[in-house]
Amino acid sequence: MLELRNLKKSYKEPDGSDLPILDVPHWKVDAGEQVVVIGPSGCGKTTLLHIIAGILKPTSGHVLIDGWDIPLLNESERDQFRALRIGYVFQTFNLLQGFSALENVMIGMAFAGKGSDRARAIDLLDRVGLKHRLHHKPGQMSVGEQQRVSVARALANKPKLVLADEPTANVDVGNQQLVIDMLRNSCREEGVALIIVTHAPQVSSQFDRVDRLTEINLVAKKKVSEIEEQLHPAG
Amino acid sequence: MNLIKIALRSVQHRSLASGLTALSISLGVALVVTVLVINGVISKTFRQGAQGYDLILGAKGSKLQLVLSTVFYNQDPLPPIPYRYYTLLNTSRYSSEVEAAIPIAMGDRYQGSPVIGTIPDYFKKLIRPDGKPYSFMQGEVFRNSDIFAAVVGYTTAKQHRIKLGDKIRFGHSGGTRDDDLHEPFTVVGILDHTGSPNDRAVFVNLEGFYQQHEGDEGPLKVDYSLLEAEKDAQQTGAGDARTEDGAEDTGHDDADHDHDADHDHDHAAHERRLTAVLIVTKEQDTRIAATMSQIDQMMENQPGVSFDETQLVSRHQRRKVVNTAVTALQPKLEGELLEAQAVAPVQEIAAFYQDVIGNIQYILILFAVQVIIVAGIGMMVSIYNSMNERRQEIAIMRALGARRVTVMSIILLESILLSLGGGILGVLIGHGLVWGLSPLIMEYSNVMVRFWDFQFAELILIPGLIAMASVVGYLPAVIAYRTDVAQSLQP
């Protein structure tokens, strides 16, 4: 379903030199699979998700989703691909403040050009326990409820893949498990692959497959080795 | 959920800023609408006021003053002309050109309203500015024998609560001071609303008007030396007119005419003078009849031709025909009646409107458009400033799959919605303002302005506002277009 090949991403430093962020020789996620990617801050987790979603373009390499090589698509095609095939759950929810819960779910449908399926949007909000909050705006909801809206929004266009970036980082402890359960159950019901990026062990411990970015990403691996060497010099 | 709804939600989310922006647009639009509507009202007043007759025969001097004083009663009348000029127009000498000649004498006022001495034919042979015959709300026109009878215009009657049978006094001082010395006039008719300056006029029997001023030092005092000189000129220039003078001196309804009064009248007529004579040309009526019959034929043959189109054709033809008649009669009158000039009010008013009032209104409209442009720049600044706090919102939309062009369109749509909202509010405010001022407009111009009296030019406002919104929304839209999604999504 998802396959990364020789994926590299680097940024230009002010002095003109390259700052490598990602170097992933190969990484794969099957259809419907649920994977947790863990790693320390700054090891390129969000950058990896942005590249998979087509928000960022890699410096080189391939991102294959259902046979489509995302970096080869132009920006407009990537936007359309993201709208149709990928759901995104953000760490800070990123709901649109002027829109109700229902509208936040339906707005993604508008961008996908599929027309607004109001019944599906209501059904999804019902599944995350928010049927009674359809017309409430984000400011009128708790953080847990807001993240549940963003889970429903991620599934609105029946994507093939949902990317969740630290989905419980800003949610209170009481709601963390609820959000993870809803995310996993919803993806399972819809047959959607799920990649959660987190550094929370209580989240990663629940998944069968846990990948360390320090193993996948050679840049991160090298950084970790250098830090360890500085902390524990050989000899 | 479509893009318009998304843009609308964004506007609603910033309701205070959006409201203030739309309000600033609306004030500019209201100003334009007010200018346009008042422009329409003034235009209508001026152009309609000059209808009903084709020429004004008056003293030599400013043509414009003659027209403004005769049609709108808002200038001092020019010096009077000999009464026999009017008599002459009713002779066979002008019978082929003149359909009707109506004398008027002015100079007095009743409570500020102009008093016009005239004959009953004023209401029978002239038509109202709107093309309809004169009609009476109450009573009827005075007869020739009703020497001290008056007909009051709609507005004056309403303003002073005048009713049939009331006795009114007037004079040079406007119905105050020594007017009590004059004979009172009995109100025998109150005109329907005409939408013309006649609404605030008082019409009295010309004979009564003269009798009131006998021995008076009023504006119509006869200058006998001038009259003698005029007689001499007539004897040499158009002597034949004088021989016909007595024979055809009517212009009055013979059925109503008392013989003794007629005799006295004839005597006095030689000494009397008039402010002006209103002339309806004959050619106009025959040619219009032909035109109307052609139009009837056209309507029968082409049922698809609408009534409005026909009216336009008719008006166009009428204007053309009147001009032809006026062109023929004007030099003849001025050549023979040495002390007078003949002026076509339609032409004078059109020229005055174009040269003076049109320019003032053009400047006012330009000023109002500037106000809208300034409001538009204000809108651009408002949206531009909001872009900083909206970067994340735009990035979210992009992350959800919105294309660059889509977010750009949303910002442009917001700009258009704000402009249109402000525009609609402005149109309502503008019309509300004019409607609120309608009693005042009615008082000064005699034109009834209703809330829904839209001007055709207002239609330009809509595409104009959309164009302006597209221009002022472009810069913020470009910022939205260029938003760096990954950077803006960072918490």
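Fair warning: this is a prediction, and the values are worked out from it, not measured in the lab. Note on naming: letters A, B, ... go to the chains in the order of the sequence lines (proteins, then strands), and numbering restarts at 1 for each one.
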Discussion item. Please rank E393(B), M397(B), R9(B) by heavy-atom pairs under 4.5 Å with chain A and give me the top one.
Written reply: R9(B)

Item to complete: Could you look at F90(A) and say if it's the side chain, the backbone, both or neither that has a heavy atom under 4.5 Å from chain B?
Response: side chain

Worksheet entry | Toward chain A, the part of I410(B) with a non-hydrogen atom under 4.5 Å | side chain

Fill in: D15(A) side chain to S17(A) side chain, donor-acceptor N/O pair below 3.5 angstrom
yes

Fill in: Q487(B), CD atom: more than 12 neighbouring heavy atoms under 6.0 Å
no

Worksheet entry | Side chains of D165(A) and T46(A), donor plus acceptor under 3.5 Å | yes

Fill in: Distance-only polar pair, side chains of H199(A) and E166(A), donor-acceptor under 3.5 Å
yes

Item to complete: Go through the atoms of L95(A) and report whether side chain, backbone, both or neither lie under 4.5 Å from a heavy atom of chain B.
Response: backbone

Worksheet item: Measuring heavy-atom distances to chain A, does I6(B) have an atom under 4.5 Å in its side chain, in its backbone, in both, or in neither?
Response: both

Discussion item. Taking side chain to side chain contact (heavy atoms under 4.5 Å, CB included) as the criterion, tell me which of I216(A), V29(A), L22(A), L48(A) meets it with L4(A).
Written reply: L48(A)

Practice prompt. Could you tell me which portion of Q12(B) (side chain, backbone, both or neither) has an atom closer than 4.5 angstrom to a non-hydrogen atom of chain A?
Written response: neither

Practice prompt. Tell me, for R398(B) versus chain A, whether the close heavy atoms (under 4.5 Å) come from the side chain, the backbone, both or neither.
Written response: both

Item to complete: Inspect the surroundings of OH in Y474(B) and state if more than 12 heavy atoms from other residues, nucleotides or ligands are less than 6.0 Å away.
Response: no

Fill in: Which atoms of R118(A) approach chain B - backbone, side chain, both or neither, heavy atom under 4.5 Å
neither

Discussion item. Counting only non-hydrogen atoms closer than 4.5 Å, does E103(A) touch chain B with its backbone (N, CA, C, O), its side chain (CB onward), both, or neither?
Written reply: both

Item to complete: Below 4.5 Å from any heavy atom of chain B, which atoms of I107(A) appear? Answer side chain, backbone, both or neither.
Response: both

Enumerate, atom names and distances included, each donor-acceptor pair closer than 3.5 Å involving a side-chain atom of residues 414-431 of chain B, sequence neighbours excluded.
unit_1  : atom_1 : unit_2  : atom_2 : d
E414(B) : OE1    : R390(B) : NH1    : 2.7
E414(B) : OE1    : R390(B) : NH2    : 3.4
E414(B) : OE2    : S10(B)  : OG     : 3.4
E414(B) : OE2    : R390(B) : NH1    : 3.4
E414(B) : OE2    : R390(B) : NH2    : 2.5
S415(B) : OG     : A469(B) : O      : 2.7
S419(B) : OG     : S415(B) : O      : 3.1
H431(B) : ND1    : F451(B) : O      : 3.0
H431(B) : NE2    : E458(B) : OE1    : 2.7
H431(B) : NE2    : E458(B) : OE2    : 3.2

Worksheet item: Under a 4.5 Å heavy-atom cutoff, which of V11(B), L400(B), N2(B) has the most pairs with chain A?
Response: L400(B)

Item to complete: For K45(A), look at atom NZ and say whether over 12 heavy atoms of other residues, nucleotides or ligands are found less than 6.0 Å away.
Response: yes

